[in-house]
Amino acid sequence: MRESITALRAQMKAHCIDWYIVPSTDFHGTEYVNAHFRCRQFLSGFTGSAGTLLVGLQEALLWTDGRYFLQAGRQLAGSGITLMKAGEPGVPTLLEFLENKRKSGRFVLGFDGRVISRADGLRYEALDVDIRWDQDLTDAVWSDRPPVVPAAVYELPLSVTGRTRADKIGAVRAEMKRKGADRLLLTSLEEIAWLLNLRGSDIANNPVFFAFALLDAETEGTVGESDAEPPEESTDKASAEESANKAAADEPTSDAEAPAGSASNAGRPATAGGVQLFVYDGVLPAGFHDAHIRSYEAISSTLAQIPQGTTLWMNGKQANYALFRSLHRNIKILDAPSPIDLMKAIKNNTEIDCERAAHRKDGLAMVRFLYWLKSTVGNKPLTEIDAADRLEALRREQGARDLSFPTIAGYNENGAVIHYAPTPETNATLSPSGFLLVDSGGQYPDGTTDITRTIPLGPLTTKMKRCYTAVLQAHIALASAQFAPGTTGLALDEITRRPIRALGLDYNHGTGHGVGHLLSCHEGPNIISKRGSSQAILPGMITSDEPGVYLEGEFGVRLENLLLCEDMGDGTFGFTPLTLCPFDRAAILPEMLTTDERTWLNRYHATVYKVLSPHLPPALAEWLAAETAEI
């Protein structure tokens, strides 16, 4: 049994708690989290991005999805924690597990309400057990827990965002009025960053900053309570409106690597009536006056002051339970995704142009990486970590500020672990044979990338080639699909899997996820998955295309491009690849491809060569010509 679990149980006994829940997220429902919030990882030893730990006084269990079954199995071995493979036949959900325990009698269920969503908190309430939601027990046993050290926030220019803050705020307010909402609570870090054209670095690989935001449907005032914080600078109504309009129009038009300076929350005027931003002190760029700035910790007390009868719009799947409990019971809750969820998913023309530029840079980094890898393996010692480090260096040479997620570089059997990340303990040495699966991406000043290539390092078996070709066929099936307006990701997922299922295989993850513009690599609401979603795939959305095959103990194959949904002009929608990188001809069995699949592949490769070759030295351009030659 892990010492951390033993210590947690001691805290549970001291607080008379029978079961304690530890999720993977932070106060904002974020997927990838700041080191301070990796409580589930600290307690369990499981490092995947998704999973929920349930600790009882006698047993402990961890639920995770199919991406992490192999990884979790390895990391939980000997820990005393039972792996619960979510979605598998006969495996109860966490809620069902607790319901079964409830049949034996009442118990005390504990959790930190700041990291549990409102939706989940209400489900736990419905169990009819005693709830202790104000206990962060992990903090009591994590002696060297990393603190939150907020980083400076910077502004994006209009040449990258394509829309001013004032324009976005106006569009959000129009939706609030249409829905009858008086206030809108924003807890998603990506939504706040998008709305205000600001970015930060409080979470590795995700250019976001810790903040909450509260919007009024009207442009005047803040929360509207008599005891709310007054503006620090007194002014009459006319001059306040003039200041707000001027601030909204003063959108920066030049690139900003970082703020020229930052200012304290003290002394800031409330120039953008009805927009409150709750952030850590001193992180905002100097001159930012487009919101009433409050301290990050003031969000709960501010929500507590909202008058009875107010209609508050919040996303209950993301807003945390503790914030919900701070509200007056007679507040009317409009529980739905915020209007920003869809707004930021549909990229404008400026964002699309910037994404194309970012993918050109990323394509150049990838081509240089593939050339280096194939020239080096077998000639000098090389490991998975060496490969990942080299790719990161090449991306940074192209101007990337950061990776968009930790690089997945899995050689042969490690490639069968869907979200494998090499560590010193698992770091495999590469040989001139078999597959290296590399899933990676970059955060550039103009866009976010995500690409997977499975790279032959030498001779392949026929089985390897058949699996690679089937995955390529599945990839092409989605990339070449044309579909009617209103089509959801469920239908597109089905057509993508057919070539792989024809081999008697399948993959235990979604086919595609939405990608943010200079935001998080995994975003909604667009998703292509057999789980289904009511959200239609719409023009302007960027979605990944990443089918795969994973044979435990042997190898994995995944091939991923990012696709832009476009109106084809004939009453249908379709996709255009943004990613620019060849697929490996040495791994393809041409006889498996249909005429249409060959046509798509040859056209894609011609585009890759046309766009990238002018920016490569002659030797690399010649190599790329061979890699993109017609099949």
Side-chain angles (χ1 to χ4, degrees), residues 356 359 363 451-456 460 462-507 510-512 526 528-530 536-539 541-549 557-612 624-631:
R356 291 189 189 281
H359 280 84
I451 174 176
T452 307
R453 288 296 183 267
T454 303
I455 308 156
L460 302 175
T462 300
K463 181 180 183 180
M464 287 176 162
K465 291 182 178 182
R466 284 178 62 82
C467 288
Y468 184 102
T469 307
V471 173
L472 177 60
Q473 290 176 297
H475 180 96
I476 294 172
L478 178 56
S480 59
Q482 288 190 243
F483 48 95
T487 300
T488 68
L490 179 62
L492 294 173
D493 181 85
E494 175 61 30
I495 66 170
T496 306
R497 293 178 188 267
R498 287 173 188 167
I500 294 173
R501 287 173 171 167
L503 292 185
L505 301 170
D506 207 341
Y507 50 97
T511 294
N526 44 315
I528 299 174
S529 169
K530 59 185 177 183
I537 306 299
L538 299 171
M541 288 181 169
I542 296 175
T543 312
S544 68
D545 174 2
E546 49 182 313
V549 162
V557 177
R558 182 162 66 250
L559 299 172
E560 176 189 16
N561 282 354
L562 297 190
L563 306 178
L564 172 67
C565 181
E566 296 186 298
D567 189 331
M568 308 308 289
D570 59 0
T572 65
F573 297 158
F575 294 114
T576 299
L578 294 174
T579 306
L580 297 165
C581 181
F583 297 99
D584 206 300
R585 298 169 80 255
I588 299 171
L589 293 175
E591 63 271 21
M592 286 180 62
L593 300 178
T594 67
T595 300
D596 287 344
E597 289 166 348
R598 288 192 192 204
T599 298
W600 185 93
L601 181 61
N602 289 331
R603 286 177 178 170
Y604 175 73
H605 276 166
T607 299
V608 170
Y609 181 77
K610 178 181 178 181
V611 174
L612 299 184
L624 183 60
E627 291 293 307
T628 56
E630 284 199 2
I631 293 179

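Atoms CG and OG1, from D570 and T572 in turn, are 3.5 Å apart once rounded to the nearest 0.5 Å. Note that CD1 of I476 is 9.5 Å distant from CG of L559, once rounded to the nearest 0.5 Å. Interatomic distance, CZ of R585 versus OG1 of T628, reported as 8.5 Å (0.5 Å rounding). Separating the CD1 atom in I500 from the CD atom in Q473 is a distance of 9.0 Å, to the nearest 0.5 Å. For the atom pair K610 NZ and L580 CG, the distance stands at 12.0 Å (nearest 0.5 Å). One distance of note links CD1 of I451 with CZ of R558; it measures 12.0 Å at 0.5 Å rounding.
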> Could you go step by step and tell me if L612 and L624 meet the side-chain contact (heavy atoms from CB on, under 4.5 Å) rule?
Replying inline: CA-CA 9 Å; L612 299 184; L624 183 60; 4.0 Å; yes
> Step by step, would you call L538 with M541 a side-chain contact (heavy atoms from CB on, under 4.5 Å)?
Replying inline: CA-CA 6 Å; L538 299 171; M541 288 181 169; 4.1 Å; yes
> How far apart are the C-alpha atoms of E560 and H475, what are their side-chain angles, what is the distance that settles it, and do they pass the side-chain contact (heavy atoms from CB on, under 4.5 Å) test?
Replying inline: CA-CA 7 Å; E560 176 189 16; H475 180 96; 5.6 Å; no
>> Assess the residue pair C467 and L505 against the criterion (side-chain contact (heavy atoms from CB on, under 4.5 Å)); give the C-alpha distance rounded to whole Å, side-chain angles, the decisive distance to 0.1 Å, and a yes or no.
In response: CA-CA 9 Å; C467 288; L505 301 170; 4.1 Å; yes
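A heavy-atom distance below 4.5 Å is not found between the side chains of V608 and E627. Residues L492 and F483 form a side-chain contact, since some pair of their non-hydrogen atoms from C-beta on lies under 4.5 Å apart. Contact of the R497 side chain with the P547 side chain is not registered, since no non-hydrogen atoms from C-beta on lie closer than 4.5 Å. I588 is listed as a side-chain neighbour of L601, based on a closest heavy-atom distance under 4.5 Å. When side chains are defined from C-beta on, D506 counts as touching R501, because their heavy atoms get closer than 4.5 Å. Side-chain contact check for H359 versus N561: every heavy-atom pair is 4.5 Å or farther apart. You'll find the side chain of T511 stays beyond 4.5 Å of the side chain of S529, heavy atoms only. Proximity of M592 to L589: side-chain heavy atoms (C-beta onward) are separated by under 4.5 Å at one or more points.
No option in I542, L478, T576 other than L478 meets the side-chain contact (heavy atoms from CB on, under 4.5 Å) test with L563.
Taking the six-membered ring for Trp and the full ring otherwise, the centers of F583 and Y604 sit less than 6.0 Å from each other.
Across all their heavy atoms, W600 and S480 have their closest contact at CD1-CB, 3.8 Å. Taking both residues in full, the closest heavy atoms of N602 and A629 are given as OD1-O, 4.3 Å, listed atom of the first, atom of the second, then distance. The shortest non-hydrogen separation linking A481 to I495 is CB-CD1, 3.8 Å. For L490 against K530, the heavy-atom pair with the smallest separation is CD1-O, 3.5 Å. Minimum heavy-atom separation, D567 to G569: OD1-N, 2.9 Å. The heavy-atom pair separating A470 from L503 by the smallest distance is CB-CD1, 3.4 Å.
Remark: side-chain polar atoms of D493 are not paired, donor with acceptor, to backbone N or O of G489 under 3.5 angstrom. The backbone N or O of T594 lies less than 3.5 Å from a partner atom in the side chain of E597, making a donor-acceptor pair. Between the side chain of R453 and the main chain of D584, no donor-acceptor pair closer than 3.5 Å is present. Side chain of S544 to backbone of L562: no donor-acceptor contact under 3.5 angstrom is found.
E630 CD: 12 or fewer foreign heavy atoms inside a 6.0 Å radius. Heavy-atom neighbours of R466 CZ from other residues, nucleotides or ligands within 6.0 Å: at or below the threshold of 12.
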